[in-house]
Amino acid sequence: MGRSKELQLLIERSNRLGSDKRNTNFAGGNTSAKGQAHDPVTGGFAEVLWVKGSGGDLGTLTYDGLAVLRMDRIRSLADNYLGEELEDFMVDGFDYCLHGRGGAAPSIDTAMHGLVEAAHVDHLHPDSGIAFATAADGPALTKACFGDRVAWVDWRRPGFQLGLDIAAIKEANPQAIGCILGGHGITAWGQTSEECEANSLAIIRGCEAYIAEHGAPEPFGARVASREPLAAAERRSRAAALAPVIRGLASTDRRQVGHFTDEAVVLDFLASERLADLAALGTSCPDHFLRTKVRPLVLDTDADAPLEEVIARLKERHEAYRESYKDYYERYASADSPAMRGADPAIVLVPGVGMFSFGPDKKTARVAGEFYVNAINVMRGAEAISTYRPIDESEKFRIEYWDLEEAKLKRQPAPKPLAGRVAFVTGAAGGIGKATARRLAAEGACVVIADLDQAKAAAAAADIGGTDTAVGVAVDVTDEHAVAAALQAAALAFGGVDLVVNNAGLSLSKPLVETTAADWDLQHDVMAKGSFLVSREAAKIMIAQRVGGDIVYIASKNAVFAGPKNIAYSAAKADQAHQVRLLAAELGEWGIRVNGVNPDGVVRGSGIFAGGWGAERAAVYGVDESELGKYYAGRTLLKKEVLPSSVADAVYALVGPDLGLTTGVHLPVDSGNPQGFLR
C-alpha cells in the first residue's frame, strides 16, 4: 500500500504536536487523516482513515504506529450502532474495518476520528485545555474565551457515543474549529493537515493566554513555611534515603521500579496551602489517572522532620492509603468487575523533597511522574480561572476497571524474568562486568553500570540501552563514601537496588618475594574491601526495601586453587569467597541471597588480562600471550574457552527464577578444571 502525501503530512503533524509537552502528554491523544489508498482486491482506490493506534506516542509516531481502516465500513458501524449500553462491543467492530495487514491496533478514540466529517482530526490532552475541561464553569469559560469557534462537550467516557456526539456538534456548528471535552481534553479538525494543526494550536494557546490574562496569581494559596523545599544537596540526600523505603511500601502487592522528581513545579505544589485538598480530588483526564491512580499518597510531615519520624509516618500513611483504595474499589465494583489490581500508590508526594512515582518498569514509573506534573499544571490552571472539579470518582472507577482497559492489560507481553529488579554491577564498563550487565538488562532488569571511569561507565550504559534501562555512575570501590554515593545514585535513578554483582577487580602476577605491601594492599582494597563496602551499603538498601535481594561475588578458581606466583590476587579472591558464606548466613533473614561465581581463564574481552595480567600469566605458563585462551581451554575437561558471556550466564542462573532457594554457594565457570573443584 503506497504512502500518500496526506499520510506523510499526518506523520509530520503528529511529531510536531507530540514533541511539545504543552500540546499533549506522552502517549496521549490521537491524530488522523482521511485519504485514498490502493485496494489490491479491486485494483481501484478506497477511502481510508489513518489514525494513531492504541498505546503509541505522537512525538515519535511512525507509519507502523498507525491503524488503517476503511471509511465505508466505519460508516456502516455507525448505521448499526445499538446504543451507549452496548458501545463497548463496537470496539471489536474496528477489527473488521481494517484495510490490509499490519499496523497498530485501533484505539478507543477511533470513532471520534472516523465519524467527524473532516479530512484531518486531532484529539489532544494539553494542560491548558484540560484546565478548562476541569473548571467548574468550563462551558462559560469556553464561551468567554472562544465565542462560538470552540464548542463544549459534557463529560462522556471515551468510546463510540462520544465520537457520535462530536460528529453531531461539528455538523451543527460549521463555524467551529473544535471542542473542549469536559474532564478530558480537546478535539480540533480541518480540511487540510495545516488547518487542523493550526486549529489545535489556536485552542491550546488560546486557553494558555486566557489563563495568563485572567488567572489568579496564587491559585494554590499561600506557601507553607514548614514545607518549603530543602536545599538541593539535602533534598537529594533525603530522597536517596527515603527512596528504598517508599519503593518497598509501593511494592507490597507487586515489585515496582521507582522514579524521583524534584523539579520546581512539584516542589511549589508541595509547599502550597492547598496541597492536601487538591491532591485528594485526584486527577481527571483518563490518561492521567490510569497511570497515577485515583489519587496520590501525600506525606504530612514537615520538610525537615527527623528521618526516623518521616519513615514512621510514611508507613502509617501507606497503610491508610491501602485501606482507602480498597474502600474505593469495593464502593464501585460490581460482580462483573475485574479483580483489584493492587492497593499501593503510584505517586508519593513528600513535602520539601519531591515526588516518587512507581511502575512495573522504569519507563512506566517515569511517565507516571510526568503525568502527575501534567495534573499539577491542570489544577493550577483550573484554580486560577475557576474551581478545579475533576470527573466523579465513580467515572474514574468505570475507566480504571473498564473491560476494555482490562483487555488491553491482558494483551501486554508477559514480563521478563528480572522485570522490576534493579541491578548494580561494579567494574561494568567492560569485560565480565559489561557482559553481566547486558545479560541482566536483556532479562528485564534496570542496570546501574558502576566503574572507576565515569565516561566509560556512561558509554557502557548507553550501549546497553537508554536511561530507562541503564545508567552509568563513577565509583572507587575502595572509598566507602564513594560507594555510598554511587548506591544513593542508584536509589535516585530507579528507587533502590535488588541485585548486586561484585565484579570490580585487578591482578598483579608476582612471586612471593617480589610482591610488595603496596601490591597486596591494592588488590585487597579493590576486591576484598571493595566487595565488603559495596555489599554493606547495598544490604542497607535491601533491608529498607524489605523485598529480598541478591548479592553475587565474581570470585575465581584461584579462591580454592593454590597456583604459583599469585599470592596477593588469590588471597583476595579467597577473602571474597568466604564473604559469600558469611553474608549468606547473616542476610538470609531478610530474604537476601548471597552467592559466588568462580571463573577461570576468561581471556577474551577481559580488562584484567588486557591490562598486563595476560602477559604475566603467559610467561608463568611458558606460552605466547595470543595463545593463552587456547592454553586455558586445553587444560579443561570440556576443551572450550570461557568467555565473559559465560560468566554472565552463570550470574543470571543464580539470580533468575529457577534457583530461588540457593544461597551461600560458588558456581564454577571454568569449562571443567579439576584444580578448581570445590572440596
- Message: Ring centres under 6.0 Å, that's the criterion: do Phe132 and Tyr210 meet it?
- Response: yes

- Audit row: His123, His184, side chain to side chain donor-acceptor pair (under 3.5 Å) steps and yes/no: CA-CA 10 Å; His123 167 58; His184 188 162; 3.2 Å; yes

- Task: I would like to know whether Asp392 and Trp155 meet side chain to side chain donor-acceptor pair (under 3.5 Å); could you show each step before the answer?
- Result: CA-CA 10 Å; Asp392 291 342; Trp155 161 259; over 6 Å; no

- Task: Might you point out which heavy atoms bring Asn199 and Trp189 nearest each other, and give the distance in Å?
- Result: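 Scanning both residues completely, I find the closest heavy atoms to be ND2-O, 2.7 Å.
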
- Note on the structure: Closest non-hydrogen atoms of Ala118 and Gly190, given as atom of the first, atom of the second and distance, are CB-O, 4.0 Å

- Message: Nearest 0.5 Å, please: how far is OH in Tyr388 from OG1 in Thr283?
- Response: 6.0 Å

- Message: Between Met90 and Gln161, does the side-chain contact (heavy atoms from CB on, under 4.5 Å) criterion hold? Intermediate values first, please.
- Response: CA-CA 10 Å; Met90 304 299 288; Gln161 185 60 55; over 6 Å; no

- Quiz item: cation-pi between Arg274 and Phe220, 6.0 Å / 45°: no

- Task: Please report the C-alpha distance between Glu84 and Phe160 in whole Å, then the side-chain angles of each, then the deciding distance to 0.1 Å, and finally whether the side-chain contact (heavy atoms from CB on, under 4.5 Å) criterion is met.
- Result: CA-CA 8 Å; Glu84 186 179 356; Phe160 209 87; over 6 Å; no

Could you tell me whether [X] atom [atom1] has more than 12 heavy atoms of other residues or ligands within 6.0 Å of it?
X	atom1	answer
Lys143	NZ	no
Arg389	CZ	no
Glu171	CD	no

- Item | Residue from Ser200, Ser14, Ser32, Ser193 passing side-chain hydrogen bond (donor to acceptor under 3.5 Å, both in side chains) with Asp122 |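 Exactly one option meets the side-chain hydrogen bond (donor to acceptor under 3.5 Å, both in side chains) with Asp122, and it is Ser200.
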
- Task: Would you please say whether a donor-acceptor pair under 3.5 Å links the side chains of Asn23 and Arg205?
- Result: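 Indeed, the side chains of Asn23 and Arg205 share at least one donor-acceptor pair under 3.5 Å.
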
- Task: Could you tell me whether Arg70 and Asp72 make a salt bridge, using a distance below 4.0 angstrom between a side-chain N and a carboxylate O?
- Result: yes

